[in-house]
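Each chain gets a letter, A, B and so on, in the order its sequence line appears, and its residues count up from 1.
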Amino acid sequence: MTSEPTTEPAGPPRYNPAEIEPRWQARWEELRLHTADLYSDAKPKFYLLTMYPYPSGDLHIGHWSIIAPTDVAGRFKRMQGYNVFFPFGFDAFGLPAENAAIKGGIHPREWTDRNIDNMRRQVKLIGAALDWSKELITADPTYYRWNQWLFLRFMEKGLAYRQMAPVDWCPKDLVVLAREQVLGADRVCWRCGTQVVKRDLEQWFFRTTKYADELLNYDGLRYPEPIKVMQTNWIGRSEGAEIAFEVAPDDQQPGGEQIRVFTTRPDTLFGATFMVLAPEHPLVDALTHPENKAQVDAYRTEARRKSEIDRLSTDREKTGVAIGAHAINPISGEQIPIWIADYVLSTYGTGAIMAVPAHDERDFAFAQRFSLPIRVVVAPRDVVPDMMDTAYVAHTHDEVLLNSGDFTGLPAPEGARQITARLEEAGKGKSAVTYRLRDWLVSRQRGWGAPIPVVYCEADPSCGMVPVPDDQLPVLLPDDIVQWPAQGNPLETHPTWKHTTCPSCGGPGRRETDTMDTFVDSSWYWWRYLSPGKEDGPIDRALNDAWCPVEQYTGGAEHAVLHLMYARFFAKALNDLGLVHEREPWKRLFNQGQILGEDGERMSKSRGNVQDPDALVARYGADTVRLFLMFMKPWAADAPWNAKGIEGVNRFLRRLWTVATDPLGREHGDAEAGRLPAGQTAADAADDLLRTAHRTLKKITTDHADFGWNTMISALMELTNKLVRLRGSEVASLPAWDETVRLTLLMLAPMAPHISEELWARRVEALGEEWSSIHTQSWPVFDPALVATDEIELPIQVNGKLRDTISVPTATSAAEIEQLVLARDKVRAYLQDAEVARVVQVPGRLVNVVTKPK
RNA sequence: GGGCGAGUGGCGAAACAGGGAGACGCAAGGGCCUUAGAAGCCCUCGCUGCGAAAGCGGCGUGCCGGUUCGAAUCCGGCCUCGCCCACCA
């Protein structure tokens with residue numbers, strides 16, 4: 001059997017990442033190189049945050065593609081002189097742990113802890129400059145205690161409340177879901193994909209709608225445009241008017257009830273020919289005429305069943321029934337019939353609309369279906385729209401009102417204003433704003449989450465619902481559940497846990513058994529990173545003042561209207577509570593793209609297309625895997641995994657290793673090895689090399705600003721290729737060679753921290769200098785004189801087509817260039833049958849000779 | 001149905017503000033070195049016409065049109081794919 005020699009064979013050492021990577025990681029830890037001094041003011045501060053993972057068990061390549069490039073950004077900032085805080089933790093509450101517990105008879109805590117241990121090990125393989133001294137785990141009582149404390153503060157401020165409401169229920173996970181967690185037209189659970197059902201349940205909400213307007217303001221935030229668009233659409237602000245229609249008296253009833261509607265088009269009020277209430281509208285019972293009752297009841301039952309089974313596509317035929325009563329148009333006095341229909345939603349606006357079929361597609365379809373009148377009240381000047389097929393909803397900005405009493409002839413926007421004003425005088429309306437955004441439903445009927453700290457007194461009705469006093473926090477989860485129940489909430493079925501005493505009267509009480517949505521945990525974790533052990537409050541305000549808001553946050557775009565919006569809500573709420581100084585959590589957000597499986601599908605265990613970084617690291621080393629992830633695509637782009645290209649970056653590192661450790665060696669098999677480029681002296685070649693190094697440095701420094709990893713690596717490859725070509729030549733003994741190697745290592749250090757550290761150490765040793773880590777060096781500064789060129793090569797076009805190139809000194813004047821260009825043989829060939837019409841010059845870029853026939 | 005984004009060689013991609021399309025890498029082919037090589041080094045590599053070759057042309061960034069001296073880039077219309085929303089009054 002053969003074995004690796006224990007000492008290196010003669011000749012240059014080989015690149016062996018398996019040896020150098022663990023060695024340097026241990027050394028960095030020993031030196032506490034990545035532990036930020038949060039109390040130091042010596043350097044400018046930079047809080048760098050990446051989304052903490054859910055400890056599902058395995059770290060896959062997708063996690064690497066978030067953490068590694070973020071680490072590069074942090075390491076670059078450190079070299080630029082910043083005090084960088086880059087912490088990590090785990091989003092440890094959640095359903096997968098409970099599912100494992102149900103299946104495997106293991107407590108969720110045990111399952112979670114085990115997974116965290118494995119994932120922490122895997123994350124450490126990346127060699128990221130993470131500050132592990134501030135690690136936090138949200139399932140730890142030292143964390144969720146403060147969830148509970150914040151919940152109590154929210155209650156005091158009216159930001160948390162309990163209410164009966166129709167809510168979305170996942171029949172598979174047996175929990176309610178926030179509106180944001182129900183996806184798509186099929187209305188499926190965000191986690192398990194099961195179609196949700198509606199249920200009327202008493203649930204806890206956070207009042208996110210309080211900040212709806214402020215959430216629409218992104219001033220000063222560098223967020224990806226799609227995130228802003230998605231959040232804006234989700235919040236869905238609509239401006240318009242709220243208008244009160246009065247129920248008309250008739251032979252069945254005295255009338256007089258107010259039906260409030262919301263409309264974005266008060267200008268169309270004269271076109272309202274009927275009214276539609278949501279089937280669940282509270283006035284339906286009272287207003288329905290006896291002869292309509294059977295039909296109405298049947299429709300309401302059917303509507304309820306439908307909404308529970310299946311939301312049909314938007315183009316299904318409209319349905320509805322008249323209830324018999326009429327309403328009075330508050331501006332024209334006209335009486336119009338009242339209908340119910342399920343296209344009007346009880347949960348949006350006021351749950352009732354004025355129907356203007358001439359100017360709303362849905363109302364139009366409804367009117368057609370039930371032969372209701374369609375009256376045009378808005379049209380472009382001197383045009384009568386054809387109302388045969390479709391409603392007229394366009395805005396050309398020169399529409400005027402028609403058939404609208406005193407308001408006829410007014411431009412539509414002015415009409416809207418005046419009609420609203422008239423209604424307001426009469427006390428029958430006012431301008432109003434409505435949002436699509438609903439309050440965040442935060443209670444979950446699960447046993448692996450932060451218990452909601454409330455007790456229901458069973459002794460004295462006057463106590464009612466009692467918040468758990470601060471000094472009784474945390475409300476701990478039970479640790480003694482042997483078999484996790486497959487059905488129902490473990491806190492509910494636990495024999496003793498929910499039974500307690502009322503904090504108010506001391507009598508028997510029952511604990512709230514709902515726990516908090518895990519998105520509550522993730523809405524404030526970065527503040528806790530600053531002081532994860534703090535015992536007298538959730539957030540250290542002095543550190544918050546010093547370090548927040550987070551300078552750069554990185555993570556996936558799939559959280560656009562979930563985590564990324566909830567966290568913004570928290571910043572505003574915590575600011576109102578005086579706990580933090582800022583109202584936005586992060587100054588800059590970046591969404592990295594996804595790495596898909598080799599089949600182009602999302603990576604998942606069930607598809608069997610998950611890429612395991614451990615095997616790649618074992619084969620190529622962490623530096624190669626890091627580089628490859630950054631080289632294979634722009635950071636923001638999605639791309640399927642294809643490991644083929646990894647050879648390329650690995651080759652690049654091996655070449656760099658060779659030129660750095662053995663500059664004088666020559667390649668066998670290359671007749672040109674060791675020779676200077678044709679026509680160049682050693683001094684020429686050295687000068688060219690150094691200039692290339694400085695141009696590379698300039699490019700890379702610039703590319704860092706927008707995370708252009710792939711082009712940075714390309715530039716370093718080019719520079720290294722230049723070194724390879726000069727290896728073994730005279731240039732390799734000149735100062736320019738050593739300076740180029742030095743700059744290359746420094747530029748590479750953030751991206752491939754281990755190999756650059758190793759080569760740095762070897763270089764320092766060879767020079768007999770005192771060692772200090774490459775990662776504590778300053779980012780080099782390029783020399784403008786070396787970046788500047790004294791000769792430029794100009795492309796020459798004739799009529800926009802490339803025909804020639806010319807090399808001229810930088811200082812050549814436009815007139816001189818024109819003269820030179822027109823004298824070129826290739827240009828003159830085109831001037832045989834044509835003459836010069838003009839010569840376009842873009843200084844430093846190109847020359848275009850435009851001709852015309854003679 | 002609406003909104004947003006994207007479409008460039010066999011493949012991943014680059015082209016910063018309208019100025020040399022395809023940098024860098026993968027794959028492929030040829031060569032060198034080698035006992036040998038899966039290592040390393042060198043060369044070729046968008047399609048196509050003429051040519052023995054050096055070379056000289058034509059076409060080419062999803063499609064059709066436009067603006068411009070000049071378009072992957074800007075404008076209009078269309079096609080395909082992806083994501084988000086989906087009766088929101």
**Report entry** Distance in angstrom units between A:L653 CG and B:rG25 P, rounded
**Finding:** 13 Å
Requested in this report: Using the test salt bridge (Lys or Arg N to Asp or Glu O under 4.0 Å), find all partners of A:R369 that sit at least two apart in sequence or belong to another chain.
Outcome: A:E317
Report task. Figure out the CZ/C1' separation between A:R651 and B:rC42, and round it to whole Å. Result -> 14 Å
Query - Gap in Å between the two P atoms, one belonging to B:rA15 and one to B:rG7, rounded - result: 12 Å
Query - Contact check, side chains of A:N799 and A:Y830, non-hydrogen atoms, under 4.5 Å - result: no
Requested in this report: To the nearest 0.5 angstrom, please state how far the CD atom of A:Q594 sits from the CG atom of A:N591.
Outcome: 10.5 Å
Listing time: all N or O pairs from protein to nucleotides 21-24 of chain B that are below 3.5 Å?
residue: B:rA23; atom: O2'; partner: A:E718; partner atom: OE2; Å: 3.4
residue: B:rA23; atom: N1; partner: A:S714; partner atom: OG; Å: 3.3

**Report entry** P gap between B:rU61 and B:rC11, integer Å
**Finding:** 15 Å
**Report entry** Spacing between A:I340 atom CD1 and B:rA89 atom P, to the nearest angstrom
**Finding:** 22 Å
Report task. Decide whether A:S807 and A:E791 meet the rule of one side-chain donor and one side-chain acceptor closer than 3.5 Å. Result -> yes
Report task. Scan for salt bridge (Lys or Arg N to Asp or Glu O under 4.0 Å) pairs involving residues 835-852 of chain A, sequence neighbours excluded, and state none if there are none. Result -> none
Report summary line: Result for 5'-nearest mapping on RNA chain B, choosing between A:E647 and A:P795, is A:P795
Query raised in the report: Syn or anti for B:rA17, taking syn as within 90° of 0?
Result: syn
Close N or O pairs between protein and nucleotides 55-62 of chain B (under 3.5 Å):
residue: B:rC56; atom: OP1; partner: A:K826; partner atom: NZ; Å: 3.4
residue: B:rG57; atom: OP1; partner: A:Y830; partner atom: OH; Å: 3.3
residue: B:rG58; atom: OP1; partner: A:R803; partner atom: NH2; Å: 3.4
residue: B:rG58; atom: OP2; partner: A:R803; partner atom: NH1; Å: 3.3
residue: B:rC59; atom: OP2; partner: A:K801; partner atom: NZ; Å: 2.9

Query raised in the report: In terms of side-chain heavy atoms of A:M632, which of B:rG40, B:rG12, B:rG19 is nearest?
Result: B:rG12
Report summary line: Side-chain atoms of A:N233 come closest, of B:rG20, B:rG40, B:rG3, to B:rG3
Requested in this report: Please work out whether the ring planes of A:F370 and A:W339 are parallel, tilted or perpendicular, with thresholds of 30° and 60°.
Outcome: tilted
Requested in this report: Determine, step by step, whether A:Y218 and A:T232 satisfy the side chain to side chain donor-acceptor pair (under 3.5 Å) criterion, reporting the C-alpha distance in whole Å, the side-chain angles of both residues, the deciding distance to 0.1 Å, and the verdict.
Outcome: CA-CA 10 Å; A:Y218 307 95; A:T232 300; 3.2 Å; yes
Query raised in the report: The side chain of A:E667 lies closest to which of these nucleotides: B:rC26, B:rC84, B:rC41?
Result: B:rC41
Query raised in the report: Starting at NE2 of A:H281 and ending at P of B:rA89, how long is that distance when rounded to a whole Å?
Result: 17 Å
Query - Test: A:R626 cationic atom under 6.0 Å from A:W64 six-membered ring centre, within 45° of axis - result: no
Query raised in the report: For RNA chain B, whose closest nucleotide is more 5', that of A:I646 or that of A:A352?
Result: A:I646
Query raised in the report: Between A:R838 (CZ) and B:rG19 (P), how many Å, whole number?
Result: 16 Å
**Report entry** Partner residues of A:Q611 under the side chain to side chain donor-acceptor pair (under 3.5 Å) criterion, sequence neighbours left out
**Finding:** A:W641
Query - Distance between C1' atoms of B:rG82 and B:rA28 (Å, rounded) - result: 31 Å
Report summary line: The correct list of stems in which RNA chain B takes part (3 or more consecutive Watson-Crick or G-U pairs, distances under 3.5 Å) is B:1-7 with B:79-85, B:10-12 with B:24-26, B:28-32 with B:40-44, B:46-50 with B:55-59, B:62-66 with B:74-78
Requested in this report: Could you measure between the two P atoms, the one in B:rA72 and the one in B:rC64, and give it in whole Å?
Outcome: 14 Å
Query - Nearest-neighbour nucleotide for the A:R655 side chain, B:rC42, B:rA89, B:rA39 considered - result: B:rC42
Query raised in the report: Which one, B:rA86, B:rC41, B:rA39, comes nearest to the side chain of A:V724?
Result: B:rC41
Query raised in the report: Taking atom P in both B:rG9 and B:rG5, what distance in whole Å separates the two?
Result: 22 Å
Query raised in the report: Could you state the CZ-C1' distance from A:R187 to B:rA86, rounded to the nearest angstrom?
Result: 11 Å
Query raised in the report: Any chance the side chains of A:Q231 and A:Y223 put a donor and an acceptor closer than 3.5 Å?
Result: no
**Report entry** Option among A:V72, A:I713, A:I646 that satisfies the side chain to side chain contact (heavy atoms under 4.5 Å, CB included) test with A:L627
**Finding:** A:I713
**Report entry** Near-ring test A:F366/A:F274, centroid separation under 6.0 angstrom
**Finding:** yes
Query raised in the report: Between B:rG46 and B:rA21, how far is it from one P atom to the other, in whole Å?
Result: 14 Å
Report task. Using a 90° cut-off around 0 for syn, call B:rG25 syn or anti. Result -> anti
Report task. Look at the side-chain N and O atoms of A:R179 and state whether any lies under 4.0 Å from the OP1 or OP2 oxygen of B:rC85. Result -> no
Query raised in the report: Given atom CZ of A:R654 and atom C1' of B:rA38, what is their separation to the nearest angstrom?
Result: 11 Å
Query raised in the report: Mind checking the P distance from B:rG76 to B:rG3? Whole angstroms is fine.
Result: 13 Å
Requested in this report: Classify the side chain of A:K318 versus the base of B:rC87 as yes if they form a donor-acceptor pair under 3.5 Å and no if they do not.
Outcome: yes
Report summary line: Regarding the side chain of A:S238, the nearest nucleotide among B:rG20, B:rA89, B:rG3 is B:rA89
Query raised in the report: Between OG1 of A:T350 and CD1 of A:I259, what distance do you get to the nearest 0.5 Å?
Result: 9.5 Å
Query raised in the report: Say you draw a straight line from CG of A:L216 to CZ of A:R568; how long is it, rounded to the nearest 0.5 Å?
Result: 8.0 Å
Query raised in the report: When you compare B:rC79 with B:rU67, how far apart are their C1' atoms, in angstrom units rounded to a whole number?
Result: 23 Å
Report task. Please state how far atom CD1 in A:I235 lies from atom C1' in B:rG3, giving the value in whole angstrom units. Result -> 16 Å
